[in-house]
Amino acid sequence: MERRKVNLFYGSLFHDIGKAIMRSTGERRKHTLVGADYLKKFLTDLSGQDQQDIIRCLKYHHAKLPTISPTKDDLYYITYIADNIASGTDRRLTDEELESYSDKWDSKTPLYDIFNRFGKKKTENYVNPGKLRFDKLNDIDALLPTDIRKDFNHSNYIDGVLHFGHGLQAMSFTEEYMQSAVNLLEASMDFMPSSTNMEEVADVSLFDHMKLTAAFAMALQQYLEEKKITDYRSELYIHGKAFYAKQAFLMVGFKLTGLENFIYTLTSKGAHKQLRSRSFYAKMISEWFIDCLLRSSPKCWCKLNSANLSFHKLKHTGFF
């Protein structure tokens, strides 16, 4: 895979880590700058240009562009619009205040259960603050949403950030470590809410948002390459509103016949534990199937990566 694509992947996947850092320290700066400064110390093995490609994705993904005119094909234009798509908003149209400065944000907000919105009876369940731990895998109840709300505190965020930092020290920012980077992010930030804005429902995790942003970014890069578009500034930023109407994505879905009966036909006690286990098995089968399909077509496989395997792990996003 070309080095620029690898840089785009890491820059987009880690674009919002500054949120976790800020909440762990209470630092009164924009999360774009906090995240960029934090990641710099882990990029020492990369060339100066590769470092800048990744850092600029973190630093400018909210369209707060540098005063010096950037090149038209800067990667952060792709991260910028991918972040907008993953968030459902254009950052230029919103007045996003600093979390530490405004009463509009509450860093103690826990992650809401996404299923609160589904069904005839509305529920109010929350995900416990923490991180994925191997010693907790046998205690499924500790990982499931509960109706008891436990707010985040600085120590919860510090714990997640330390786990993330230790993982970064053990990996390299190369193609070979792309899946490891996704796994690390999930383990450390899947329990954190992406937004703590009290006017929004905090039911999207920080990990899910960053993973989706990376998936969109990689697919967009493939689209731009296919269409031979090199002026990212014009296409994605100046004329960004018009770009949203373009058919830049191809979504491919598939169905495993009989899967519903396998997952939902449970009659014994502790059915929710079996449901989680069977759902995990279905996820693994789905990812294995997609890996085999893509590996059989080298032209597709060389362009795609695991960050594109999103949307409930049963749908595939990409342009090929």
Side-chain angles (χ1 to χ4, degrees), residues 1-16 32 36 46-94 173-175 178 181-182 209-253 294 297-311 315-320:
M1 183 180 293
E2 295 176 10
R3 183 64 230 188
R4 269 174 60 87
K5 293 180 180 179
V6 175
N7 293 342
L8 174 64
F9 169 82
Y10 284 109
S12 299
L13 183 68
F14 294 154
H15 77 281
D16 262 352
T32 53
L46 298 182
S47 70
Q49 182 57 55
D50 293 334
Q51 290 184 33
Q52 287 303 310
D53 279 349
I54 296 173
I55 290 300
R56 287 159 78 88
C57 287
L58 276 69
K59 201 170 184 179
Y60 302 125
H61 70 267
H62 277 198
K64 304 299 184 183
L65 306 182
T67 54
I68 300 175
S69 179
T71 59
K72 295 180 179 180
D73 64 345
D74 254 304
L75 295 178
Y76 62 76
Y77 287 121
I78 300 180
T79 302
Y80 153 72
I81 202 163
D83 179 41
N84 287 350
I85 295 172
S87 303
T89 184
D90 188 330
R91 301 302 189 182
R92 290 174 293 179
L93 304 179
T94 58
F173 288 76
T174 61
E175 181 180 355
M178 290 169 76
V182 175
H209 170 69
M210 288 193 281
K211 181 188 68 172
L212 280 176
T213 298
F216 285 129
M218 298 300 285
L220 285 167
Q221 191 280 332
Q222 295 159 29
Y223 170 83
L224 295 167
E225 183 179 62
E226 183 75 16
K227 297 298 183 182
K228 295 180 171 54
I229 298 171
T230 58
D231 189 345
Y232 300 165
R233 177 181 175 86
S234 176
E235 184 76 9
L236 305 177
Y237 183 71
I238 297 176
H239 301 106
K241 188 175 293 186
F243 182 82
Y244 293 128
K246 294 186 177 182
Q247 295 183 355
F249 301 98
L250 173 65
M251 181 179 291
V252 179
L294 294 177
S297 178
K299 182 179 178 180
C300 297
W301 179 251
C302 69
K303 292 183 176 181
L304 304 173
N305 57 75
S306 59
N308 296 82
L309 300 178
S310 50
F311 305 106
K315 296 177 181 177
H316 185 76
T317 297
F319 182 89
F320 54 98

Shortest non-hydrogen contact between [X] and [Y], atoms and distance:
| X | Y | result |
| --- | --- | --- |
| F9 | A181 | CE2-CB, 4.4 Å |
| D16 | D83 | OD2-OD1, 4.5 Å |
| L13 | M210 | O-CB, 3.1 Å |
| A82 | A217 | CB-N, 3.6 Å |
| D73 | T230 | CB-O, 3.4 Å |
| S47 | D50 | OG-OD2, 3.0 Å |

F243 vs L220, side chain to side chain contact (heavy atoms under 4.5 Å, CB included): CA-CA, chis, key distance, verdict: CA-CA 11 Å; F243 182 82; L220 285 167; 3.5 Å; yes
Do the rings of Y237 and Y77 sit parallel, tilted or perpendicular, given the 30° and 60° boundaries?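 Correct class here is tilted.
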For F216 and I81, what are the C-alpha separation, side-chain angles and deciding distance, and is it a side chain to side chain contact (heavy atoms under 4.5 Å, CB included)? CA-CA 9 Å; F216 285 129; I81 202 163; over 6 Å; no
Rounded to the nearest 0.5 Å, how far does [atom2] of [Y] lie from [atom1] of [X]?
| X | Y | atom1 | atom2 | result |
| --- | --- | --- | --- | --- |
| L212 | S87 | CG | OG | 9.5 Å |
| K227 | K246 | NZ | NZ | 9.0 Å |
| H15 | H209 | NE2 | NE2 | 3.0 Å |
| R3 | L46 | CZ | CG | 5.0 Å |
| T71 | D231 | OG1 | CG | 10.0 Å |
| R233 | Y76 | CZ | OH | 7.0 Å |

Going through the checks in order, is the side chain to side chain contact (heavy atoms under 4.5 Å, CB included) test met by L75 and R56? CA-CA 8 Å; L75 295 178; R56 287 159 78 88; over 6 Å; no
For the pair E225 and R4, find out whether any cationic side-chain nitrogen is under 4.0 Å from an anionic carboxylate oxygen.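 Here E225 does not pair with R4 in a salt bridge, since their nearest N and O are not under 4.0 Å apart.
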Applying ring pair (Phe, Tyr, Trp, His ring centres under 6.0 Å), name anything that partners Y232, two or more places apart in sequence or on another chain.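 For Y232, no residue satisfies ring pair (Phe, Tyr, Trp, His ring centres under 6.0 Å) once neighbours in sequence are set aside.
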For the side chain of Y10 and the backbone of T174, is there at least one donor-acceptor N/O pair under 3.5 Å apart?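 Flag set: sc Y10 to bb T174 pair under 3.5 Å.
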Are S12 and T79 close enough that a side-chain donor and a side-chain acceptor fall under 3.5 Å?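 Yes, because at least one side-chain N or O of S12 sits under 3.5 Å from a partner of the opposite role on T79.
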Check whether the side chains of Y60 and D74 place a donor and an acceptor atom closer than 3.5 Å, and report yes or no.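 Looking only at side-chain atoms, D74 and Y60 do not form any donor-acceptor pair under 3.5 Å.
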